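Worksheet for the structure shown next.
Because the structure is a prediction, the values reported are computed rather than measured. Protein chains get the first letters and strands the later ones, always in sequence-line order, with residue 1 at the start of each.
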Amino acid sequence: MKAAVVTFPGSNCDRDLAVAFEAAGFEVARVWHKDTALPVGVDVVGIPGGFSFGDYLRCGAIAAQSPIGAAVRAHADRGGFAIGICNGFQVLTEMGLLPGVLMRNAGLKFVCRSVMLKVATTASPFTQSYAAGQELAIPIAHHDGNYTIDDAGLQRLKAEDRIAFTYAANPNGSMADIAGVLSANRRVLGMMPHPERAVDPVTGGADGQGVFASLMRGMALA
Amino acid sequence: MKARVTVMLKSGVLDPQGEAVRHALGSLGFQGVTGVRQGKVIELDLAHTDAAKAEADVRAMCEKLLANTVIESYRIEIG
């Protein structure tokens with residue numbers, strides 16, 4: 001299975017994400033934002049955390065319009081898998097691949113600490129290795145993670161079981177405690193917490209491994 | 001030709017930064033500030049000579065990049 005990790009100017013979790021994919025058994029290709037195509041045979045695209053383009057205009061807005069953005073959109077439209085973490089989640093919403101937006105944290109502060117997440121659905125290629133309702137310790141590090149969506153959109157997410165993760169204790173004002181959401185075809189996940197920072201007990205926990213292990217397992221079956 | 005785009009959060013969308021400014025004004029002793037909304041102004045220098053064409057183009061820019069219309073509204077002034 002092949003993963004591509006995109007790097008924008010200002011990305012700072014790209015290497016961690018590549019290491020997490022590799023640890024789960026993926027072959028990883030690194031892709032630059034000016035590339036106009038993904039490497040041949042890519043199964044999953046990872047959009048990493050960081051501060052792409054300095055968060056200018058809005059978080060993720062410039063990255064969403066970068067040359068590689070069109071290739072990522074085409075990959076998702078073909079039914080390809082994609083995961084956006086933190087700034088990557090913001091990029092995916094700005095691309096329109098995921099609904100809603102990430103607004104400034106309700107407390108206005110940058111929040112950087114480990115939080116408890118609940119696995120809200122196991123019916124996804126990203127969460128199937130977890131148990132329903134399982135609690136995970138995963139770090140967050142963001143200023144704009146306050147997930148916001150209109151009422152109709154929220155009802156739709158709930159009705160279609162597309163909320164992947166929720167916060168056990170809401171750190172940022174997110175609607176319905178949402179920490180991560182899935183696309184309608186369940187093959188695109190955006191989440192603010194950083195599972196790629198929780199894949200090795202040596203560096204503070206391995207609860208994030210399941211995201212990558214789920215994906216590996218799901219794609220082997222697909 | 002110049003264009004000025006004002007991007008604001010739509011009414012009904014909670015603006016945490018505006019709220020923080022409102023609280024700060026209150027603590028400075030300014031009474032009677034019942035609401036603060038914070039937005040941004042983007043000024044564009046355009047090579048256009050036709051105002052209608054300029055407005056149409058700037059509208060497309062707003063829809064594509066300058067505003068996130070999920071939560072933001074925009075106003076365009078051409079002059």
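- Of the atoms belonging to B:Glu19, not a single heavy atom falls under 4.5 Å from chain A.
- When the candidates B:Val13, B:Ile71, B:Ile42 are compared by the number of heavy-atom contacts under 4.5 Å with chain A, B:Ile71 comes out ahead.
- Of the atoms belonging to B:Val7, not a single heavy atom falls under 4.5 Å from chain A.
- Around atom NZ of B:Lys2, no more than 12 heavy atoms belonging to other residues, nucleotides or ligands sit under 6.0 Å away.
- With a 6.0 Å radius and a threshold of 12 heavy atoms from other residues, nucleotides or ligands, A:Tyr56 has its OH atom at or below the threshold.
- The part of A:Asn105 that comes within reach of chain B is its backbone (N, CA, C, O), which places non-hydrogen atoms under 4.5 angstrom from that chain.
- Heavy atoms of other residues, nucleotides or ligands lying less than 6.0 angstrom from CZ of A:Arg156 number 12 at most.
- Contacts of B:Leu14 with chain A are made by backbone atoms alone, with heavy-atom separations under 4.5 Å and no side-chain atom involved.
- Crowding of A:Asp151 atom CG: a count of heavy atoms from other residues, nucleotides or ligands under 6.0 Å not exceeding 12.
- The closest donor-acceptor contact from the side chain of B:Lys64 to the backbone of A:Gln65 lies at 3.5 Å or more, if one exists at all.
- With rounding to the nearest 0.5 Å, the separation of CG in B:Leu9 from OG1 in A:Thr148 is 9.5 Å.
- The heavy-atom pair separating B:Pro16 from A:Met103 by the smallest distance is CD-CE, 4.3 Å.
- Atom CZ of B:Arg75 has 12 or fewer heavy atoms from other residues, nucleotides or ligands within 6.0 Å.
- When all heavy atoms are compared, the tightest approach of A:Leu57 to B:Lys40 is O-NZ, 2.5 Å.
- Judged purely by atom type and a 3.5 angstrom limit, A:Arg104 has no side-chain atom pairing as donor or acceptor with the backbone of B:Asp15.
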